[in-house]
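Before any comments, here is the structure.
All of these numbers come straight from a predicted model, not from anything done at the bench.
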Amino acid sequence: QVHLVESGGGSVQPGESLRLSCAASGDTYERRCMGWFRQAPGKELEGVAVLDTRAGHTFYAASVKGRFTIPQDNAKNTLYLQMSLKPEDTGMYYCAAAAGSYACYTDSWRGSGSQFDDWGQGTQVTVSS
């Protein structure tokens, strides 16, 4: 099992940047795909970005492509989400991990992330002028 703890959320103005962190502990070597999901008020959970932790391949939702990146620091067992923000990015952001790399390569991650095994508690991001 993998324990995930997110941090770095906050309230910012449009055009500003935030970096979310996801610290992983436990059987991290067994998690081949990691990602970020978000849930806006009144909306369903959606995938934001995923990373194949060994191959380094990344995939992004169309709404964030070009504005978000998903780097990792293997030495620190930490996944990041670097964001340049718009008001529509407001929501609760969750880090998740999947045992199989296939979770990154099927489009199911763009939805509710049913193929992901471990989830963090979430961190709130609010973008408002």
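- R31 has its side chain within reach of D117: a pair of non-hydrogen atoms, C-beta onward, lies under 4.5 Å apart.
- In Q121, the CD atom is crowded: over 12 heavy atoms of neighbouring residues, nucleotides or ligands sit closer than 6.0 Å.
- With sequence neighbours excluded, the residues that form a salt bridge (charged side-chain N to carboxylate O under 4.0 Å, His left out) with R38 are E46, D89.
- Residue F37 shares its hydrophobic cluster (ILVMFWY side chains chained together at separations under 4.5 Å) with L45, V50, F59, M92, Y94, Y105, W109, F116, W119.
- Atom CG of L4 and atom SG of C95 lie 4.5 Å apart (nearest 0.5 Å).
- Listed by first then second residue, pairs satisfying disulfide (SG to SG under 2.5 Å) with a partner in residues 99-129 read C33-C104, not counting sequence neighbours.
- The shortest distance between side-chain heavy atoms of E88 and T90 does not fall below 4.5 Å.
- With rounding to the nearest 0.5 angstrom, the CD atom of E44 is 8.0 Å from the OG atom of S112.
- Rounding to the nearest 0.5 angstrom, the gap separating the OG1 atom in T53 from the CZ atom in R32 is 6.0 Å.
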Donor-acceptor pairs under 3.5 angstrom involving side-chain atoms of residues 74-84: please list them, not counting sequence neighbours.
unit_1: T78; atom_1: OG1; unit_2: K76; atom_2: O; d: 2.9

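- With sequence neighbours excluded, the residues that form a side-chain contact (heavy atoms from CB on, under 4.5 Å) with S25 are H3.
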All N/O donor-acceptor pairs, side-chain side in residues 122-129, below 3.5 Å, sequence neighbours left out:
unit_1: T123; atom_1: OG1; unit_2: G9; atom_2: N; d: 3.1
unit_1: Q124; atom_1: NE2; unit_2: G91; atom_2: O; d: 3.4
unit_1: Q124; atom_1: NE2; unit_2: T126; atom_2: OG1; d: 3.4

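- Distance check: L18 CG to S11 OG gives 9.0 Å after rounding to the nearest 0.5 Å.
- Between Q1 and D118, some side-chain heavy-atom pair lies under the 4.5 Å cut-off.
- Q115 and T106 form a side-chain donor-acceptor contact under 3.5 Å, judged by distance and modelled atom types alone.
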Stepwise, does the side chain to side chain contact (heavy atoms under 4.5 Å, CB included) test hold for V2 with E30?
CA-CA 9 Å; V2 174; E30 293 184 349; 5.9 Å; no
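- The shortest side-chain heavy-atom distance between M34 and C22 falls under the 4.5 Å cut-off.
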